[in-house]
Amino acid sequence: MSLNYIKNFYEGCMKPPTVIGQFHTLFFGSVRMFFLGVLGFAVYGNEALHFSCDPDKREINLFCYNQFRPITPQVFWALQLVIVLVPGAIFHLYAACKSINQECILQKPIYSVIYILSVLLRISLEVVAFWLQIHLFGFQVKPLYLCDAVSLGKKLTIIKCMVPEHFEKTIFLIAMYTFTAITIVLCVAEIFEIIFRRLCFLISQ
């Protein structure tokens, strides 16, 4: 019986009840995760090693890099992807435990409402992540970072640091903003598809 639950849960996650939901899963799973996993590592993987300041000392470089990156972009985006997946995973786990197939989700109002709520929660999480990304990283990575070194207790108060591959990072930032925006649009479109299919189902009865 537990294997059947796992099978239903897996099928629900991989093949949502809507066409747009299936496209969202494909986009989210293949394009967005591949982009982050492969290109994100290539762009940000050695950033801390190549981040250099003047004077170029290990403790100063480390201090200023931690100030420049309170959280690394790879970790932030990985957390975003995991958190955004949670509402849908909870719903499909519930559907698997109740043996609810995908057609029932669109046919029974209570299941449709719960599914729409999970999509709305997914949208809310994406919007929050979008806002946090703007707050943490902005829209452009500048080649020079001015580090506030007052707390180091030395004569220097402002230290100039060079940010490696700043242009590539700017392009990557824009791409991640674009992916988030596309995901939000797909989620909104999925809600409209559910409403439209519910109306068609009611009319056909």
Side-chain angles (χ1 to χ4, degrees), residues 13 16 20-21 23-51 53 61-93 114-151 158-192:
C13 290
I20 295 176
F23 182 76
H24 171 270
T25 300
L26 177 65
F27 174 80
F28 198 95
S30 59
V31 179
R32 198 172 177 183
M33 288 186 178
F34 175 82
F35 192 87
L36 176 59
V38 177
L39 296 181
F41 179 79
V43 174
Y44 290 96
N46 297 318
E47 184 182 48
L49 295 176
H50 297 149
F51 187 87
C53 302
N61 291 344
L62 183 60
F63 174 84
C64 289
Y65 181 74
N66 289 335
Q67 187 181 116
F68 175 65
R69 293 287 191 213
I71 180 172
T72 58
Q74 309 101 298
V75 173
F76 175 83
W77 288 319
L79 286 173
Q80 176 186 357
L81 293 181
V82 171
I83 292 172
V84 168
L85 287 173
V86 169
I90 293 175
F91 174 83
H92 290 301
L93 181 62
I114 295 174
Y115 186 77
I116 288 175
L117 288 176
S118 73
V119 176
L120 287 173
L121 181 56
R122 193 195 311 160
I123 293 172
S124 301
L125 292 172
E126 288 281 16
V127 170
V128 171
F130 193 90
W131 179 83
L132 284 174
Q133 184 176 334
I134 294 173
H135 180 71
L136 290 170
F137 310 124
F139 289 95
Q140 181 182 12
V141 179
K142 297 181 180 179
L144 187 65
Y145 175 72
L146 299 179
C147 174
D148 184 0
V150 174
S151 57
I158 301 296
I159 297 175
K160 294 181 180 180
C161 301
M162 298 299 296
V163 180
E165 301 169 342
H166 61 93
F167 183 68
E168 290 183 11
K169 292 180 174 65
T170 298
I171 295 175
F172 201 89
L173 273 177
I174 295 171
M176 294 306 293
Y177 282 122
T178 304
F179 288 153
T180 302
I182 291 173
T183 304
I184 293 172
V185 171
L186 288 174
C187 290
V188 173
E190 185 176 10
I191 292 175
F192 280 104

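- Heavy atoms only, all atoms of each residue included: Phe76 and Ala129 are closest at CZ-O, 3.5 Å.
- Not counting sequence neighbours, the partners of Val128 by the side chain to side chain contact (heavy atoms under 4.5 Å, CB included) test are Leu132.
- Atoms CG and CD1, on Leu85 and Ile90 in that order, are 11.0 Å from each other to the nearest 0.5 Å.
- Annotation: ring pair (Phe, Tyr, Trp, His ring centres under 6.0 Å) contacts of Tyr65 (sequence neighbours excluded): Phe51.
- With sequence neighbours excluded, the residues satisfying ring pair (Phe, Tyr, Trp, His ring centres under 6.0 Å) with Phe130 are Tyr177.
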Practice problem: Just do the side chain to side chain contact (heavy atoms under 4.5 Å, CB included) check on Phe139 and Ile134 with the steps written out, would you? | Solution: CA-CA 7 Å; Phe139 289 95; Ile134 294 173; 3.8 Å; yes

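- Pairs passing the salt bridge (charged side-chain N to carboxylate O under 4.0 Å, His left out) check and including a residue from residues 118-132, sequence neighbours excluded, read Arg32-Glu126, Arg122-Glu190.
- Between Cys64 and Cys53, the sulfur-to-sulfur (SG-SG) separation does not fall under 2.5 Å.
- Separating the CG atom in Leu136 from the CH2 atom in Trp131 is a distance of 8.5 Å, to the nearest 0.5 Å.
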Exercise. Quick one: do His166 and Leu144 satisfy side chain to side chain contact (heavy atoms under 4.5 Å, CB included)? Show the steps, please.
Key: CA-CA 9 Å; His166 61 93; Leu144 187 65; over 6 Å; no

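- Listed by chain and residue number, Ile83, Val84, Pro87, Leu121 satisfy the side chain to side chain contact (heavy atoms under 4.5 Å, CB included) test with Leu125 (two or more places apart in sequence, or in another chain).
- For the ring pair (Phe, Tyr, Trp, His ring centres under 6.0 Å) test, no residue two or more places apart in sequence or in another chain qualifies with Phe167.
- Identified under the salt bridge (charged side-chain N to carboxylate O under 4.0 Å, His left out) test for residues 132-148, with sequence neighbours left out: none.
- Not counting sequence neighbours, Glu168 has no partner by the side chain to side chain donor-acceptor pair (under 3.5 Å) test.
- Evaluation of the side chain to side chain contact (heavy atoms under 4.5 Å, CB included) rule for Val75 yields Ile71, Thr72, Leu79 as partners, not counting sequence neighbours.
- In this structure, Leu186 CG and Ile182 CD1 are separated by 7.5 Å, a value rounded to the nearest 0.5 Å.
- Partners of Glu47 by salt bridge (Lys or Arg N to Asp or Glu O under 4.0 Å), not counting sequence neighbours, listed by chain and number: Arg69, Lys169.
- With sequence neighbours left out, Tyr145 forms a ring pair (Phe, Tyr, Trp, His ring centres under 6.0 Å) with Phe68.
- Of the inter-residue distances, the one linking Gln67 atom CD with Ile159 atom CD1 reads 9.0 Å to the nearest 0.5 angstrom.
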Exercise. Might you work through the ring pair (Phe, Tyr, Trp, His ring centres under 6.0 Å) test for Trp77 and Phe172, ending with a clear yes or no?
Key: CA-CA 12 Å; Trp77 288 319; Phe172 201 89; 5.4 Å; yes

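- Listed by chain and residue number, nothing satisfies the side chain to side chain donor-acceptor pair (under 3.5 Å) test with Glu165 (two or more places apart in sequence, or in another chain).
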